[in-house]
Amino acid sequence: MVQAVLPAVGRILISLIFLLSGLNKLTAPIMTIGYIESVGLPFPTLAYGTAVIVEVIGGAALVLGYQTRLVAAVLTAFSRATAVSFHNDLADLNQFVHFFKNVAMAGGLLHVIAFGGGKFSIDGWRR
């Protein structure tokens, strides 16, 4: 039973950071777009929209275990990209912690890619 439940719990816990971050971006679009502009990324409005979609839809899909490996791969790439783009001043302790938080999230998502969504997932029920 533990091997059936733990993957679902793990998916939910990993997805929380994406869901909360995406929903937070929805409540403060101007501030978020300004932050994206401040790091010099091109097309900040497009980047904002992409981030919201990846975080909210990706987070929800991860919770449900839908297309789990693909979603985890997208979220892994997103986590790595945000670490490098937004948290690259490793001399700043706050950015250092956020950089490695993103690296750790990517590591957890690699486990999801390797082992799939588990029994309690849409992917698991479709088998």
*Asks:* If you look only at distance, which donor and acceptor atoms sit under 3.5 Å apart when one is on a side chain in residues 52-60 and the other is two or more places apart or in another chain?
*Replies:*
{"from": "E55", "atom 1": "OE1", "to": "S21", "atom 2": "OG", "distance (Å)": "3.4"}
{"from": "E55", "atom 1": "OE1", "to": "G22", "atom 2": "N", "distance (Å)": "3.1"}
{"from": "E55", "atom 1": "OE1", "to": "K25", "atom 2": "NZ", "distance (Å)": "3.1"}
{"from": "E55", "atom 1": "OE2", "to": "S21", "atom 2": "OG", "distance (Å)": "3.2"}
{"from": "E55", "atom 1": "OE2", "to": "K25", "atom 2": "NZ", "distance (Å)": "3.3"}

*Asks:* Answer with yes or no whether the hydrophobic clustering places F18 together with L20; edges join I, L, V, M, F, W, Y residues whose side-chain heavy atoms lie under 4.5 Å apart.
*Replies:*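 No, no single cluster joins them.
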*Asks:* Do V74 and V103 share a hydrophobic cluster (ILVMFWY, side-chain heavy atoms under 4.5 Å, transitive)?
*Replies:*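 No.
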*Asks:* Are F86 and F99, when compared by the centres of their aromatic rings, separated by less than 6.0 Å?
*Replies:*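 So the answer is no for these two rings.
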*Asks:* Do F78 and I36 belong to the same hydrophobic cluster, where Ile, Leu, Val, Met, Phe, Trp and Tyr are linked whenever their side-chain heavy atoms lie under 4.5 Å apart, directly or via other members?
*Replies:*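 Hydrophobic grouping puts F78 apart from I36.
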*Asks:* With sequence neighbours left out, write down each residue that passes side chain to side chain donor-acceptor pair (under 3.5 Å) with T68, or none if nothing qualifies.
*Replies:* D123
*Asks:* Tell me the side chain to side chain donor-acceptor pair (under 3.5 Å) pairs involving residues 73-85, sequence neighbours left out?
*Replies:* T82-N102
*Asks:* Going by side-chain heavy atoms closer than 4.5 Å, which hydrophobic residues are tied to I12, directly or by a chain of links?
*Replies:* L19, V63
*Asks:* Kindly give the heavy-atom pair with the smallest separation between L64 and R11, and that separation in Å.
*Replies:* C-NH2, 3.9 Å
*Asks:* Do the non-hydrogen side-chain atoms of H87 and F96 ever get within less than 4.5 Å of each other?
*Replies:*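 Of all side-chain heavy-atom pairs linking F96 with H87, none is under 4.5 Å.
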*Asks:* Within this structure, what is the CG-NE2 distance for the pair D92 and H98, rounded to the nearest 0.5 Å?
*Replies:*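 Interatomic distance, D92 CG to H98 NE2, rounded to 0.5 Å: 9.0 Å.
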*Asks:* Output the distance between atom CG (L70) and atom CG (L62), rounded to the nearest 0.5 Å.
*Replies:*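 Output value for this atom pair is 11.5 Å.
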*Asks:* Throw together a table of side-chain donor-acceptor distances under 3.5 angstrom for residues 26-34, partners on residues two or more places apart or in other chains.
*Replies:*
{"from": "T27", "atom 1": "OG1", "to": "N24", "atom 2": "O", "distance (Å)": "2.7"}
{"from": "T32", "atom 1": "OG1", "to": "A28", "atom 2": "O", "distance (Å)": "2.8"}

*Asks:* Could you measure the distance from the OG1 atom of T45 to the CZ atom of F43? Nearest 0.5 Å is fine.
*Replies:* 10.5 Å
*Asks:* May I have the list of side-chain donor-acceptor pairs in residues 110-121 shorter than 3.5 Å, sequence neighbours left out?
*Replies:*
{"from": "S121", "atom 1": "OG", "to": "G118", "atom 2": "O", "distance (Å)": "2.7"}
{"from": "S121", "atom 1": "OG", "to": "G124", "atom 2": "N", "distance (Å)": "2.8"}

*Asks:* Say whether, by atom type as modelled, one donor and one acceptor occur between the side chain of Q95 and the main chain of D89 under 3.5 angstrom.
*Replies:* yes
*Asks:* When clusters are formed by joining ILVMFWY residues with side-chain heavy atoms under 4.5 Å apart, either directly or through shared neighbours, do L16 and V9 land in the same one?
*Replies:*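 L16 clusters together with V9.
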